[in-house]
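Report on the following structure.
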Amino acid sequence: MEAACGAALQLSTLITGSQPNVALEPLNQRGRKEYMTRRGDFRLKSVCTRQRRFAFGLLSHSCNHSHVLESENSYASFDEDWLLKNKAQEVTSYLNGRSIFLVGMMGSGKTTVGRILSEALGYSFTDSDRSVELAMGGTSVSQIFEQCGEGFFRDHESEALRILSLVPRQIVSTGGGAVVRPINWKYMRQGITVFLDVPLDALARRIAAVGTDSRPLLNFDAGDAYTKAFVGLFTLTKKRSEAYADADVTVSLLDIATNLRLEDVSDITPTVIAIEVLTQIEKFLGGKSGGALRLYP
Ligand SMILES: Nc1ncnc2c1ncn2[C@@H]1O[C@H](COP(=O)(O)OP(=O)(O)O)[C@@H](O)[C@H]1O
Ligand SMILES: O=C(O)C1=C[C@@H](OP(=O)(O)O)[C@@H](O)[C@H](O)C1
């Protein structure tokens, strides 16, 4: 590994992101939620297991369930995936091939949401951490930190982003610390930068669920997984919040939850977050900021 620390990056391996063929797996019990309007309010309710296709009263669905649309209560629901596809189609022309760089803290969903976006847009998906690992012959990020130090990892992360910035039509999930180096912004600004803003408590819960082993900056000796994650993320957030705010677009889970009248951001599915990413990008690029396919009023 000592030798590997000094080895030059194998640049050719850096741009081999996986292709957009990833199936969306439900992340919680609610899975594929459906959103219902009731006199303009949105409520979450599962009404039918088959595909529905309508939004806000513009009915065009293939489900015979009798309560999908009720004129008295103005019920209408739509399928998240259908909405995502339509939004992706709308945004494609505005993007004009530009890549999307997702930034945000560890656990903010850059990889999960990024894969969904790549599939919807027909873009390739690359995780910059995986690019660094590939360039280091498969050595994990944790091992690189342990054996070569954070500075070494950051140098290779910058090189990975430089190369990735040359490639159009891709979704890049960046490492949480990529925003701290100004040079990385130069690379990421070749595309559109999107900050996934997730409350600390939700981040810590997500990371605690999978453990801190693969995240060296959160892997302290003391405390349970949630406490380690929360304390580590809290410290890092203080140092990074200004940098994240430099992203072209911010997608705030708290804002989405407020608009959808959800009590807990954990109830927001990755697909809904992906839709909001596209909506905000469209707004940023001067599109019609939602138009007929808005997620909420
Ligand atoms: N919207 C979400 N709701 C619930 N869990 C999520 C959501 N997005 C991501 N997760 C989970 O959180 C963890 C971290 O997500 P990940 O996409 O790997 O984040 P990042 O790439 O930003 O570190 C994973 O276990 C993932 O399944
Ligand atoms: O926040 C950070 O400094 C880091 C985030 C990690 O990536 P994810 O954000 O994908 O977990 C990885 O790059 C490394 O452990 C450092």
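Residue numbers run from 1 in the order of the sequence given. Remember, it's 1-based here, ligands and their atoms both numbered in the order they're listed.
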Quick check: [X] and ligand 1, any N/O pair under 3.5 Å apart?
X      : result
Met106 : no
Ile268 : yes
Gly109 : yes
Thr111 : yes
Arg215 : yes

Original post:
Is Asp264 paired with Arg205 through a side-chain N to carboxylate O contact shorter than 4.0 Å?
Top reply: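 Between Asp264 and Arg205 there is a salt bridge, with a charged N closer than 4.0 Å to a carboxylate O.
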Subject >> Salt bridge present between Asp267 and Arg261 (N-O < 4.0 angstrom) >> reply: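 So Asp267 does not pair with Arg261 through a salt bridge.
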Original post:
Non-hydrogen atoms of Gly104 versus ligand 1: any pair closer than 4.0 Å?
Top reply: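 Contact check Gly104 vs ligand 1: negative.
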Flag side-chain contact, heavy atom, 4.5 Å: [X] against [Y]:
X      : Y      : result
Ile192 : Leu285 : yes
Met105 : Thr237 : yes
Val180 : Lys239 : no
Val249 : Glu282 : no
Phe153 : Cys148 : no

[atom]: nearest protein contact (heavy atom, Å):
atom                    : value
atom 11 (O) of ligand 2 : Arg215 NE, 3.1 Å
atom 15 (O) of ligand 2 : Pro216 CD, 3.5 Å
atom 10 (O) of ligand 2 : Asp129 OD2, 3.3 Å

Donor-acceptor pair, distance only, cut-off 3.5 Å: does the side chain of [X] make one with the backbone of [Y]?
X      : Y      : result
Ser99  : Gln170 : yes
Tyr123 : Arg98  : yes
Thr174 : Leu102 : yes

Original post:
So, is Leu217 polar-close to ligand 2, with some N/O to N/O distance under 3.5 Å?
Top reply: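 Among all N and O atoms of Leu217, none is under 3.5 Å from an N or O of ligand 2.
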**OP:** State whether the shortest distance between N or O atoms of Phe153 and N or O atoms of ligand 2 falls below 3.5 angstrom.
**Re:**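 No, Phe153 has no N/O under 3.5 Å of an N/O on ligand 2.
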Can you sort out which atoms of ligand 1 are near [X], meaning under 4.0 Å from one of its heavy atoms?
X      : value
Met105 : 22 (O)
Val210 : 25 (O)
Ile273 : 1 (N)
Thr112 : 9 (C), 15 (O), 16 (P), 17 (O), 26 (C)

Subject >> Option nearest atom 14 (C) of ligand 2 (shortest heavy-atom distance, choices Val103, Val141, Val132) >> reply: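 Comparing heavy atoms across Val103, Val141, Val132, the nearest one to atom 14 (C) of ligand 2 lies in Val141.
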Original post:
Looking only at non-hydrogen atoms, which of Lys110, Arg240, Met105 approaches atom 9 (O) of ligand 2 most closely?
Top reply: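 Going through Lys110, Arg240, Met105 one by one, Lys110 has the nearest heavy atom to atom 9 (O) of ligand 2.
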Original post:
Picking from Asp246, Asp248, Thr250, what satisfies side-chain hydrogen bond (donor to acceptor under 3.5 Å, both in side chains) with Thr193?
Top reply: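 Answer to the side-chain hydrogen bond (donor to acceptor under 3.5 Å, both in side chains) test with Thr193 among Asp246, Asp248, Thr250: Asp248.
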**OP:** Give the contacting part of Lys110 toward ligand 1: side chain, backbone, both or neither, where contact means a heavy-atom distance below 4.0 Å.
**Re:**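 Both backbone and side chain.
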Subject >> Same cluster (ILVMFWY, side-chain, under 4.5 Å), Val265 and Phe234 >> reply: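 Same cluster.
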Original post:
Under 4.0 Å from ligand 2, counting heavy atoms only, is it the side chain of Arg154, its backbone, both or neither?
Top reply: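 Within the 4.0 Å criterion, Arg154 contacts ligand 2 through side-chain atoms alone.
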